[in-house]
Amino acid sequence: MPKESMAEQLLAWYDRHRRVLPWRAKAGETADPYRVWLSEIMLQQTTVAAVGPYFASFLARWPSVEALAAAPLDDVLTAWAGLGYYARARNLHKCAQAVAARGGDFPSDEAGLLELPGIGAYTAAAIAAIAFDQRAAVMDGNVERVVARLYRVQSALPAAKPELRALADSLTPDQRPGDYAQAVMDLGATICTPRKPRCALCPWREACAAFKAGDAEDYPRKTPKPERPILHATAYWMTMPDGSVVLRRRKEEGLLGGMMEIPTNTWRATPWTLDEARGVAPVAAAWRDLPGNIRHVFTHIDLRLTLLSGSLRKVPDGMLAASLDKLGDYALPSVMRKIVSAAVKGG
DNA sequence: GATTCGTGGGG
DNA sequence: TCCCCAAGAAT
């Protein structure tokens with residue numbers, strides 16, 4: 001099948017099945033670059049369902065890129081808490097300030113977008129196509145999967161990326177590039193799914209090599225990922241006489257960078273004994289262990305936590321005390337909220 | 001090219 | 001329970 005007709009076929013399918021998403025312009029409407037950018041950053045490695053409420057609250061609180069640029073970084077981190085990949089929040093803020101500094105308009109081409117913080121190859125193409133209707137080949141996980149099946153690409157990811165990208169580019173039409181970009185991603189999200197693809201409903205079924213071979217689910221091929229190390233640590237639940245709890249801000253870079261934390265000792269492969277954990281506590285206190293173990297799985301770390309509780313009279317240097325009913329006002333990532341929950345429950 | 005970066009849902 | 005993975009970027 002000629003590639004032009006494949007794009008036409010997909011666009012016809014899209015016109016019939018176009019999904020309503022909070023950041024998506026309705027048919028015939030012009031997309032708002034700010035909304036497109038904000039949603040694309042949030043959607044990096046994150047599901048539509050998870051993004052929904054965050055997108056709504058960000059948009060309500062910061063209706064424009066200028067408003068977001070003017071916000072304190074800590075407010076952005078707090079609003080982002082729970083969504084993960086916190087470098088995105090720091091880059092979001094940095095990017096907003098860069099755009100505000102150039103008058104509030106986003107660059108309208110891929111090259112210009114690519115220079116902005118937090119915008120890589122995929123996001124630059126997505127914004128160029130969706131917000132500015134420029135011809136740009138978007139390559140995300142959906143497109144990788146669709147194209148790998150369509151051509152039954154034998155090489156494995158991530159090495160196959162350049163090959164898949166060239167194929168994706170050759171399929172991208174000059175007409176309606178913004179709709180095409182959303183269409184091919186929607187196809188991957190709703191029809192050409194990782195498992196149990198709904199090939200019977202696919203507009204590209206006739207052209208699909210993997211469908212013909214009956215092994216769509218075997219693509220894209222992937223090289224196995226390294227296994228996740230198990231690390232152990234102790235969280236120190238330090239309470240003040242008024243019932244507030246001691247928090248600390250993490251360093252700006254690295255894991256959970258810039259976010260708040262319940263202080264822990266070093267994350268290490270060997271489990272900590274009670275005495276060892278008491279010996280390296282942030283401050284001297286009558287530490288007692290709290291019941292319940294916490295497990296939190298990051299992309300590359302399987303973290304196991306135990307809890308020690310201590311009563312303090314004064315807040316340690318470099319830390320702060322927060323009342324339990326105000327913890328929502330702090331930039332606490334999910335793993336730290338798990339600790340809070342376990343500590344409150346365990347007394 | 002390989003690593004580092006979160007979290008929650010689905011099968 | 002476990003594994004996969006999601007509109008990837010930065011280093």
Side-chain angles (χ1 to χ4, degrees), chain A residues 19 21-24 31 35-55 77 80-92 94-95 113-131 136-146 156-162 165 168 178 180-190 192-197 217 220 222-229 231 250-259 261 267 295-303 331-338:
Chain A
R19 289 192 292 168
L21 298 171
W23 43 85
R24 177 174 286 178
R35 296 187 188 212
V36 173
W37 165 71
L38 179 59
S39 67
E40 289 300 342
I41 301 300
M42 289 184 167
L43 286 163
Q44 289 167 4
Q45 295 289 284
T46 309
T47 58
V48 166
V51 165
Y54 285 87
F55 180 79
L77 291 176
W80 195 277
L83 198 54
Y85 284 146
Y86 298 99
R88 290 186 296 172
R90 301 194 296 274
N91 284 329
L92 184 84
K94 207 180 302 177
C95 183
L113 289 160
L114 210 41
E115 293 178 14
L116 292 168
I119 298 184
Y122 161 76
T123 305
I127 297 175
I130 298 170
V138 296
M139 253 281 288
D140 72 331
N142 289 305
V143 181
E144 287 174 357
R145 186 169 58 253
V146 168
L157 285 170
K161 274 179 191 277
R165 193 179 198 304
Y180 176 84
Q182 295 172 88
V184 67
M185 289 190 285
D186 272 14
L187 185 70
T190 64
C192 196
T193 50
R195 279 158 303 188
K196 299 172 65 176
E217 208 160 346
K222 299 194 174 184
T223 57
K225 292 166 189 167
E227 70 177 277
R228 232 186 313 257
L231 297 182
R250 293 174 64 85
K251 57 180 165 43
E252 289 300 316
E253 70 282 6
L255 185 67
L256 309 178
M259 303 294 285
E261 67 174 354
W267 303 9
R295 181 181 182 203
H296 189 82
V297 181
F298 297 95
T299 303
H300 57 300
I301 297 169
D302 188 345
L303 180 65
L332 283 171
S334 292
V335 58
M336 299 302 161
R337 296 190 184 279
K338 261 188 212 181

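Only heavy atoms go into these numbers, but all of them, side chains included; no hydrogens, no water, no symmetry mates. Here is the naming used below: chain letters follow the sequence lines, and residue numbers restart at 1 for every chain.
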For this session: Could I get the full list of ring-ring contact (aromatic ring centres under 6.0 Å, His included) partners for A/Phe55, not counting sequence neighbours?
Result: A/Trp23
Problem set entry | Nucleic acid footprint by protein, nucleotides 6-11 of chain C - heavy-atom cut-off 4.0 Å, B for base, S for sugar-phosphate alone | BBBSS-
Seminar exercise, completed: The residue, A/Pro226 or A/Ala49, whose nearest nucleotide of DNA chain B is more 5′ is A/Pro226
For this session: Mind checking side-chain hydrogen bond (donor to acceptor under 3.5 Å, both in side chains) for A/Arg35 and listing every partner two or more places apart, or none if nothing turns up?
Result: none
Problem set entry | side chain to side chain contact (heavy atoms under 4.5 Å, CB included) partners for A/Ala121, two or more places apart | none
For this session: Extract, from 5' to 3' on DNA chain B, the first and final nucleotides lying under 4.0 angstrom from some heavy atom of chain A.
Result: B/dT4 to B/dG10
Exercise. Side chains of A/Arg88 and A/Gln44: is there a donor and an acceptor less than 3.5 Å apart?
Worked result: no
For this session: Could you check whether A/Val138 gets within reach of a base, just the sugar-phosphate, or nothing at all, counting any heavy atom under 4.0 Å?
Result: nothing
For this session: Return the 5'-most residue of the pair A/Ala159, A/Ala87 with respect to DNA chain B, ranking by each residue's nearest nucleotide.
Result: A/Ala159
Exercise. Looking across every strand, which nucleic acid part, if any, lies under 4.0 Å from A/Gly257 by heavy atom: base, sugar-phosphate, or nothing?
Worked result: nothing
Problem set entry | Protein-nucleotide distance (A/His300, atom NE2; C/dC5, atom P), rounded to Å | 19 Å
Exercise. For A/Arg295, which residues count as a side-chain hydrogen bond (donor to acceptor under 3.5 Å, both in side chains) partner, sequence neighbours excluded?
Worked result: A/Asp302
For this session: Not counting sequence neighbours, which residues clear side-chain hydrogen bond (donor to acceptor under 3.5 Å, both in side chains) with A/Tyr122? List them please.
Result: A/Glu40
Problem set entry | salt bridge (Lys or Arg N to Asp or Glu O under 4.0 Å) partners of A/Lys161, counting only residues at least two apart | A/Glu144
Problem set entry | Partner residues of A/Arg19 under the side-chain hydrogen bond (donor to acceptor under 3.5 Å, both in side chains) criterion, sequence neighbours left out | A/Asp186
Problem set entry | Rounded C1' spacing from B/dT3 to C/dA7 in Å | 22 Å
